[in-house]
Protein chains: 2
Amino acid sequence: MAATGKYAKGVAKRNEILHKALEVFSREGYRGTSLREVAEAVNLSQAGLLHYFDSKEELFGEILRVRDESDRDEYAQTGSAPDALIAIMRHNMAVPGLVQLYATISAEAAEPNHPAHEFFVRRYDGLRGMFVNSVRDRQSSGTLDSSIDPEALASIMLAVADGMQVQWLINPSVDMAANIEYLWSLIEKPGAGAAG
Amino acid sequence: MAATGKYAKGVAKRNEILHKALEVFSREGYRGTSLREVAEAVNLSQAGLLHYFDSKEELFGEILRVRDESDRDEYAQTGSAPDALIAIMRHNMAVPGLVQLYATISAEAAEPNHPAHEFFVRRYDGLRGMFVNSVRDRQSSGTLDSSIDPEALASIMLAVADGMQVQWLINPSVDMAANIEYLWSLIEKPGAGAAG
DNA sequence: GTCTATAAGTCGATAGAC
DNA sequence: GTCTATCGACTTATAGAC
């Protein structure tokens, strides 16, 4: 890694780069983004940018790492997983660029050689695990039917969230948060399909 | 459009190109795919390839058009929408490349200027419409609780399908079809959460 | 810490021979 | 129908001045 940033100015610039680069990558995806584009966004030459990060791949990795840290800080302890998921969806409707970053990159990253592949493998494992734990808690406390399969439900809820984001990106009139909340109400409430 | 293909050889080569180009685009996405790469896959020079399609964008549009036609032929009238969805998921587990094409491109295509943007807007509208109709049918015939919101449910089921594909691409041990079938069983069966 | 200059390569597309 | 050759633009990355 370059420019570990012992001095205040360097650190500040590094953060500015990470912030602006996130925006550009969000719009264009990993492959669609050039270092020049990022460099211009932070008023730097392309070579100047590479003083802070040795390669495009390293810059990109740092973006994901930082982003995930702040996400975890913000939502990890927000009560139960389904509530957190709904909250995140509602919040995401204000940051389409960020949503597109994850949609674009997670698809690209299916290739095992992609620089972000391992990141996404671990990310999904982690999220699924968190959700499974939360579902089990609810089952223990009787809030959720105990016949429900926690692993399957975790996978399903994460999938709805991801898929809903794609639909919303392509047609913003879709209400992501409302739809997910609605699904959860169908699953959580005993006798979902009982009435006429 | 170039090379409308009056002669047998031209038509055959055009089809070969569409077929192979689909594979390449599936792996690499629209932006990640070069015409040279496609050309090599069909033993043609890059200029030779452009004899059949005037531009990269035109080639790509044709791929989507052809693909959607054959999909529609195969699954459009397969009983009800949820059953068709499960069948498609099961089938998709045999064609990861194709799954990745749609995941990659649908994310890229969120940009309004993307050559495939309109295609995906129409595609989701069409799929949602089909699903809504199917849900209403089931409600009329009493197979499905009539208090369920058809629009929301359609959006949700399509989202699960899309999101499940992303999870599966990144970690193929996820059983897409089983999970979707499971979700549908939770929604369809009266008293889903009744037992303890 | 930031620059210019440049290497070495890829891209999509066109012109024109055969 | 297919090729070679080429254009102009763009890419990541490096070297070295300041």
Side-chain angles (χ1 to χ4, degrees), chain A residues 1-22 24-25 27-64 104-105 108 111 113-116, chain B residues 1-22 24-25 27-64 104-105 108 111 113-116:
Chain A
M1 183 183 303
T4 14
K6 301 274 185 197
Y7 302 97
K9 184 180 179 187
V11 174
K13 194 74 186 176
R14 234 183 107 93
N15 283 339
E16 187 198 346
I17 293 170
L18 283 171
H19 186 76
K20 280 288 209 313
L22 170 64
V24 182
F25 276 112
R27 277 200 311 275
E28 318 279 351
Y30 177 72
R31 291 187 166 116
T33 299
S34 73
L35 288 183
R36 266 183 180 83
E37 208 174 349
V38 175
E40 277 162 25
V42 292
N43 290 107
L44 226 54
S45 72
Q46 180 246 14
L49 172 61
L50 282 179
H51 169 71
Y52 292 92
F53 303 89
D54 280 339
S55 69
K56 182 185 179 180
E57 196 171 319
E58 190 202 314
L59 166 58
F60 181 62
E62 279 297 280
I63 291 175
L64 290 180
T104 309
I105 306 296
E108 272 184 17
E111 276 288 295
N113 307 355
H114 193 282
Chain B
M1 184 183 303
T4 15
K6 302 276 186 196
Y7 302 97
K9 184 181 178 186
V11 174
K13 193 74 186 174
R14 231 184 109 94
N15 283 339
E16 187 198 344
I17 293 171
L18 283 172
H19 186 77
K20 281 289 210 311
L22 170 64
V24 183
F25 276 111
R27 277 200 311 274
E28 318 279 352
Y30 177 72
R31 290 188 167 114
T33 299
S34 73
L35 289 182
R36 275 179 175 84
E37 206 175 351
V38 175
E40 275 163 27
V42 293
N43 290 109
L44 225 54
S45 71
Q46 181 244 11
L49 171 62
L50 283 179
H51 169 71
Y52 292 93
F53 303 89
D54 280 340
S55 70
K56 182 185 179 181
E57 197 172 319
E58 190 203 313
L59 166 59
F60 181 61
E62 279 297 280
I63 291 175
L64 289 180
T104 309
I105 306 296
E108 272 184 18
E111 277 287 296
N113 307 354
H114 193 282

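Below, read A as the first sequence line, B as the second, and so on, with proteins coming before strands; counting in each chain starts at 1. Since the structure is predicted, the reported quantities are computational estimates derived from the model, not experimental observations.
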Review point. Parallel under 30°, tilted from 30 to 60°, perpendicular over 60°: which one fits the rings of A:Tyr30 and A:Phe25?
Key: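 The arrangement is parallel - the two ring planes meet at less than 30°.
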
[X] to [Y] - nearest heavy-atom pair and separation:
{"X": "B:Glu108", "Y": "B:His114", "answer": "OE1-NE2, 2.9 Å"}
{"X": "A:Ala41", "Y": "A:Lys20", "answer": "O-CE, 3.7 Å"}
{"X": "B:Leu59", "Y": "B:Val38", "answer": "CD2-CG1, 4.4 Å"}

Which one, [options], comes nearest to the side chain of [X]?
{"X": "B:Ser45", "options": "D:dT14, D:dC3, C:dT4", "result": "D:dC3"}
{"X": "A:Ser34", "options": "C:dC3, D:dC3, D:dT12", "result": "D:dT12"}
{"X": "A:Ala47", "options": "D:dT2, D:dA13, D:dA15", "result": "D:dA15"}
{"X": "A:Arg36", "options": "C:dA13, D:dT11, C:dT4", "result": "D:dT11"}

Protein-nucleotide distance ([X], atom [atom1]; [N], atom [atom2]), rounded to Å:
{"X": "A:Tyr30", "N": "D:dT11", "atom1": "OH", "atom2": "P", "answer": "14 Å"}
{"X": "B:Glu16", "N": "D:dG1", "atom1": "CD", "atom2": "C1'", "answer": "14 Å"}
{"X": "A:Glu57", "N": "D:dT12", "atom1": "CD", "atom2": "P", "answer": "12 Å"}
{"X": "A:Glu40", "N": "D:dT12", "atom1": "CD", "atom2": "P", "answer": "12 Å"}
{"X": "A:Gln46", "N": "D:dC10", "atom1": "CD", "atom2": "C1'", "answer": "11 Å"}
{"X": "B:Leu49", "N": "D:dC3", "atom1": "CG", "atom2": "P", "answer": "10 Å"}
{"X": "B:Leu59", "N": "C:dA13", "atom1": "CG", "atom2": "P", "answer": "10 Å"}
{"X": "B:Arg14", "N": "D:dG1", "atom1": "CZ", "atom2": "C1'", "answer": "14 Å"}

Point to revise | N/O (side chain, A:His51) to phosphate O (OP1/OP2, C:dG1) under 4.0 Å | key: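 For A:His51, the contact criterion (side-chain N or O under 4.0 Å from OP1 or OP2 of C:dG1) is met.
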
